[in-house]
2 protein chains.
Amino acid sequence: MTPTSNLQPKRRAAKVIRRRQLIEAAIKSIAKRGLGDTTMAHVAQAAGLSQGIVNLHFDSKDNLLNETLNYIRHEYEENWRNAIDKAPNDSAQQLAALLRSDYNKKVADIQKLAVWFAFWGEAKSRPTYKKICQERVTDYSQSLTKIIDRLIKEGEYKYIKTPQLVEGIIAMADGLWLNILISAQGFGRQNAEAVMMQYLCHVFPNHQAAFN
Amino acid sequence: MTPTSNLQPKRRAAKVIRRRQLIEAAIKSIAKRGLGDTTMAHVAQAAGLSQGIVNLHFDSKDNLLNETLNYIRHEYEENWRNAIDKAPNDSAQQLAALLRSDYNKKVADIQKLAVWFAFWGEAKSRPTYKKICQERVTDYSQSLTKIIDRLIKEGEYKYIKTPQLVEGIIAMADGLWLNILISAQGFGRQNAEAVMMQYLCHVFPNHQAAFN
DNA sequence: CATTTAAATGAATAAGCATTCATTCATAAT
DNA sequence: ATTATGAATGAATGCTTATTCATTTAAATG
């Protein structure tokens with residue numbers, strides 16, 4: 001029996017809640033100050049708790065940051081899986097739903113985008129970050145590939161190379177996030193979505209109805 | 001008269017060279033360790049010089065980093081302007097040349113890409129970084145817009161909304177950089193270029209020759 | 001209520017780092 | 001050859017920050 005399993009429900013719940021609370025505080029601080037200027041004290045403060053609290057729940061700063069990245073990765077995945085599930089059983093509709101989900105209020109939130117870019121910025125030199133970032137893409141592109149293959153078959157599209165199209169869509173999706181994050185002003189989630197839908201219209205001209 | 005302008009030509013040249021040397025050392029260190037773990041000592045060491053050298057030439061770390069970002073921004077701009085200049089006087093060819101230039105050895109070098117993402121990751125909370133990053137895009141998108149407008153007119157393409165297409169192309173370009181930087185392996189400059197060219201083929205089907 | 005156990009605090013510690021500046025080295029001027 | 005000036009050094013300084021841990025607070029148990 002692990003020590004945790006002896007705990008009473010209330011306290012066990014508290015531990016999970018506190019961890020999430022601290023992760024969310026970390027997200028806030030990273031968005032506000034950047035990864036470089038985020039200190040343990042900032043995170044603790046943003047959570048309304050005391051100095052040592054992060055070490056108590058995460059042992060180290062490194063660990064907190066890893067868990068933070070993991071957290072937004074899972075939230076991201078949950079979001080798009082959900083979008084596919086809720087979409088009608090039609091490949092064009094599903095494609096639209098999947099890609100629109102990237103510009104949800106929940107995941108394309110400025111704070112979350114700031115966190116993604118903060119970690120991408122360090123990913124090259126941090127194997128842990130890199131791995132998590134890669135995982136995000138592999139899962140996503142598998143699902144995307146399936147849907148597109150089905151659409152190509154159904155729509156009798158010739159001359160479309162699926163792997164390249166998938167890379168292209170994902171690249172555009174990430175690049176639009178950058179634009180939302182950094183553009184002088186006025187470029188928001190809706191604009192990003194519109195740009196992506198126009199891309200899909202160009203590639204799948206017989207299914208434009210699904211993308212408007 | 002500023003103190004620097006009193007200097008003898010040789011000395012002024014030496015100063016410029018040293019600054020460039022330090023900026024390049026900064027790029028190396030950022031690529032190797034990330035922005036967060038790059039210290040003044042690392043930069044000095046990478047340049048084969050002593051502790052205080054960066055403060056001597058740049059006053060502060062902040063300043064060095066700003067200048068480093070500026071440096072790659074100018075290098076980037078020079079690269080694509082050059083590509084357009086060298087391209088034949090044909091809008092499709094120019095479009096191809098402009099976009100291919102993003103995957104040059106010089107600018108799509110892994111170290112440079114690491115630097116771009118490092119700064120993008122901090123741009124939200126650092127007005128100076130943000131501004132420089134914005135400038136990069138505004139100049140680029142102006143030129144891109146001109147070329148595309150000409151191509152649309154010449155090729156009698158209807159139903160293409162230039163602003164959205166421009167946003168889309170730039171987004172994809174940046175996203176492909178991310179893919180080069182982070183992908184597990186095997187995704188390189190040539191792949192990125194191919195993906196982009198396929199996009200252009202979809203949008204401008206009557207000019208595919210220029211994109212292959 | 002008394003006792004046990006876990007959670008939280010925050011002052012103290014120690015390591016890391018940017019910056020300073022007195023000193024040394026190299027080069028140009030006379 | 002001597003002097004003057006700029007460039008470079010690197011040890012010392014002082015600040016910031018992650019981590020530790022003795023102590024306090026709160027909750028659950030019997």
Side-chain angles (χ1 to χ4, degrees), chain A residues 1-26 29-30 32-68 118 122 125-126 128, chain B residues 1-26 29-30 32-68 118 122 125-126 128:
Chain A
M1 230 193 242
T2 80
T4 0
S5 64
N6 292 332
L7 293 174
Q8 293 310 308
K10 256 194 182 172
R11 288 203 161 163
R12 234 186 310 173
K15 238 180 146 67
V16 172
I17 287 170
R18 199 90 322 165
R19 282 174 66 96
R20 189 195 312 269
Q21 179 188 358
L22 288 168
I23 286 172
E24 273 158 12
S29 176
I30 293 167
K32 185 174 176 185
R33 278 175 270 262
L35 203 43
D37 292 341
T38 287
T39 69
M40 298 290 254
H42 288 144
V43 175
Q45 200 175 12
L49 294 164
S50 67
Q51 269 290 1
I53 198 69
V54 176
N55 286 281
L56 183 68
H57 286 276
F58 289 91
D59 290 346
S60 71
K61 188 183 184 183
D62 263 12
N63 203 231
L64 167 70
L65 295 179
N66 290 336
E67 297 291 346
T68 301
E122 298 277 278
S125 44
R126 297 230 173 194
T128 318
Chain B
M1 230 193 240
T2 80
T4 359
S5 62
N6 293 331
L7 291 174
Q8 295 307 311
K10 254 196 185 173
R11 291 211 156 154
R12 224 185 312 168
K15 239 179 146 66
V16 170
I17 287 171
R18 197 102 305 175
R19 281 173 66 95
R20 190 196 311 269
Q21 180 186 359
L22 288 169
I23 286 173
E24 272 158 13
S29 176
I30 292 168
K32 185 174 176 184
R33 279 176 269 263
L35 202 44
D37 292 342
T38 287
T39 69
M40 298 290 255
H42 288 143
V43 175
Q45 201 175 12
L49 294 165
S50 66
Q51 267 293 1
I53 198 70
V54 176
N55 285 282
L56 183 68
H57 287 276
F58 290 90
D59 289 345
S60 72
K61 189 182 184 184
D62 263 12
N63 203 230
L64 167 69
L65 296 179
N66 290 337
E67 296 291 345
T68 301
E122 299 276 280
S125 44
R126 298 231 173 193
T128 318

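Everything numeric here is computed off the predicted structure, so don't read it as measured data. Below, chain A is the first sequence line, B the second, and so on; all start at residue 1.
Residue Lys61(B) places no side-chain N or O under 4.0 Å from the OP1 or OP2 atom of dT19(C). Lys15(B) has no side-chain polar atom (N or O) that falls below the 4.0 Å cut-off from OP1 or OP2 of dG6(D). In this structure, Asn55(B) does not reach the dA18(C) phosphate: none of its side-chain N or O atoms is under 4.0 Å from OP1 or OP2.
When the P atom of dT9(D) is taken as reference, atom CG of Leu22(B) falls 10 Å away, rounded to whole Å. As a whole-Å value, the separation of Arg18(A) CZ from dT9(C) C1' is 12 Å. The CG atom of Leu64(B) sits 10 Å away from the P atom of dT19(C) (whole-angstrom rounding). Atom CZ in Arg19(B) sits roughly 12 Å away from atom P in dA8(D) (whole-Å rounding). For the pair His57(B) NE2 and dG6(D) C1', the computed distance is 10 Å after rounding to whole Å. The nearest whole Å value for the distance from the CD1 atom in Ile53(A) to the C1' atom in dT25(D) is 12 Å. Atom CZ of Arg33(A) and atom C1' of dT17(D) are 13 Å apart (whole Å). Taking atom CG on Leu56(A) and atom P on dT25(D), their separation rounds to 17 Å, with Å as the unit.
Judged purely by atom type and a 3.5 angstrom limit, Ser29(B) has no side-chain atom pairing as donor or acceptor with the backbone of Ala25(B). Remark: the backbone N or O of Ala47(B) is paired with a side-chain donor or acceptor of Gln21(B) at under 3.5 angstrom. In terms of modelled atom types and a separation under 3.5 Å, the side chain of Arg19(A) and the main chain of His57(A) share a donor-acceptor contact.
Atom CG of Asp62(A) and atom CZ of Arg126(A) lie 5.0 Å apart (nearest 0.5 Å).
By the salt bridge (charged side-chain N to carboxylate O under 4.0 Å, His left out) test, Arg33(A) is found to be paired with no residue, residues two or more places apart in sequence or in another chain being considered. Contacts of Glu24(A) classified as side-chain hydrogen bond (donor to acceptor under 3.5 Å, both in side chains), with partners at least two apart in sequence or in another chain: Tyr71(A).
Of the residues in residues 36-51 of chain A, Leu49(A), Ser50(A), Gln51(A) come within less than 4.0 Å of DNA chain C through at least one heavy atom, sorted by number.
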- Message: For a side chain to side chain contact (heavy atoms under 4.5 Å, CB included) check, start with the C-alpha distance between Leu35(B) and Leu35(A), then their side-chain angles and the critical distance, and finish with the verdict.
- Response: CA-CA 10 Å; Leu35(B) 202 44; Leu35(A) 203 43; over 6 Å; no
